[in-house]
**Student:** 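This is the structure I want to talk about, given as structure tokens.
Positions are given from 1, in the same order as the sequence printed here.
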Amino acid sequence: MPRLTLQQANTIVEHAIETGREAAGPPIAVVVLDDGGHVKAVQREDGASMFRVDAGLGKAWGAVAMDEGSRGLAKRAKANPGFFNSLAVASGGRLLPNPGGVLIRDAGGAILGAVGISGDKGPRDEVFAVAGIEAAGLVADTGED
């Protein structure tokens, strides 16, 4: 079974931050998880608030846990808030269904993990995540149809 490597995770972080800087956005935090929801790499830019890592972790964790990017999860949560409130409670608050959590897939479609970014607006966080994933030669899955 394919696994997300540390080198791939670090490439994702590096390029996501670089893309955020090129976009002149606020400081971000980038969290990369493997397919079991375990932290593979994390960085918080200078000036990013202390909560950014937690928010990025919640976006990535929800994506891995639900096999869907957090943009898709946000749409589902809007349509069924009671269910997603229950999921948040059942997960100990780890699930954050907001854009910025993107699944990482291999070329065959297998889930390798997820990246979660927080610091800018959700759709821009998502763009930075996709850029990092693609720079690592992997496939980004935002949950958008």
**Student:** So does His38 get a backbone contact from the side chain of Asp34, meaning a donor-acceptor N/O pair under 3.5 Å?
**Tutor:** yes
**Student:** With the 4.5 Å side-chain cut-off for hydrophobic clustering, are Ile104 and Ile17 part of the same group?
**Tutor:** yes
**Student:** Ignoring hydrogens and angles, tell me if any N or O in the side chain of Ser70 forms a donor-acceptor pair with the backbone of Gly101 under 3.5 Å.
**Tutor:** yes
**Student:** State the CD-OG1 distance between Glu18 and Thr11, to the nearest 0.5 angstrom.
**Tutor:** 11.0 Å
**Student:** Are Met66 and Arg76 packed together at the side-chain level, in the sense that at least one heavy-atom pair is separated by less than 4.5 angstrom?
**Tutor:** yes
**Student:** So how far is it from Glu134 CD to His15 NE2, rounded to the nearest 0.5 Å?
**Tutor:** 12.0 Å
**Student:** State which residue, out of Ile117, Val115, Ile133, fulfils the side chain to side chain contact (heavy atoms under 4.5 Å, CB included) condition with Val32.
**Tutor:** Val115
**Student:** What residue pairs, at least two apart or across chains, pass side-chain hydrogen bond (donor to acceptor under 3.5 Å, both in side chains) with a residue in residues 95-108?
**Tutor:** Arg105-Asp141
**Student:** So, do Leu57 and Val39 sit near enough that their side-chain heavy atoms are less than 4.5 Å apart?
**Tutor:** yes
**Student:** What's the separation between atom CD1 in Ile12 and atom NZ in Lys40, rounded to the nearest 0.5 Å?
**Tutor:** 10.5 Å
**Student:** Can you confirm whether Asp125 sits close enough to Lys59 that some side-chain heavy atom of one is under 4.5 Å from a side-chain heavy atom of the other?
**Tutor:** yes
**Student:** Any donor-acceptor pair under 3.5 Å linking the side-chain atoms of Thr5 with those of Gln8?
**Tutor:** yes
**Student:** Please round to the nearest 0.5 Å and tell me the distance separating atom CG of Leu4 and atom CD1 of Ile111.
**Tutor:** 12.5 Å
**Student:** To the nearest 0.5 Å, what is the distance between CG (Asn80) and OG (Ser86)?
**Tutor:** 8.5 Å
**Student:** For atom CD of Gln7, is the number of surrounding heavy atoms from other residues, nucleotides or ligands below 6.0 Å larger than 12?
**Tutor:** no
**Student:** Between the main-chain N or O of Ser91 and the side-chain N or O of Arg94, is there a donor-acceptor pair closer than 3.5 Å?
**Tutor:** yes
**Student:** To the nearest 0.5 Å, how far apart are CD in Glu45 and CZ in Arg21?
**Tutor:** 4.0 Å
**Student:** Quick one: list whatever passes salt bridge (charged side-chain N to carboxylate O under 4.0 Å, His left out) with Asp54, sequence neighbours left out.
**Tutor:** none
**Student:** Transitively linked via ILVMFWY side-chain contacts under 4.5 Å: Leu33 with Leu138?
**Tutor:** no
**Student:** For residues Val31 and Val64: do they belong to one hydrophobic cluster (side chain heavy atoms under 4.5 Å, members Ile, Leu, Val, Met, Phe, Trp, Tyr)?
**Tutor:** no
**Student:** If hydrophobic clusters are built by linking Ile, Leu, Val, Met, Phe, Trp and Tyr wherever their side-chain heavy atoms come under 4.5 Å apart, do Leu73 and Leu87 end up in the same one?
**Tutor:** yes
**Student:** Do the side chains of Ser49 and Arg44 get nearer than 4.5 Å, heavy atoms only?
**Tutor:** no
**Student:** Please tell me whether Val127 and Val102 are part of a single hydrophobic cluster in this structure, the criterion being side-chain heavy atoms less than 4.5 Å apart.
**Tutor:** yes
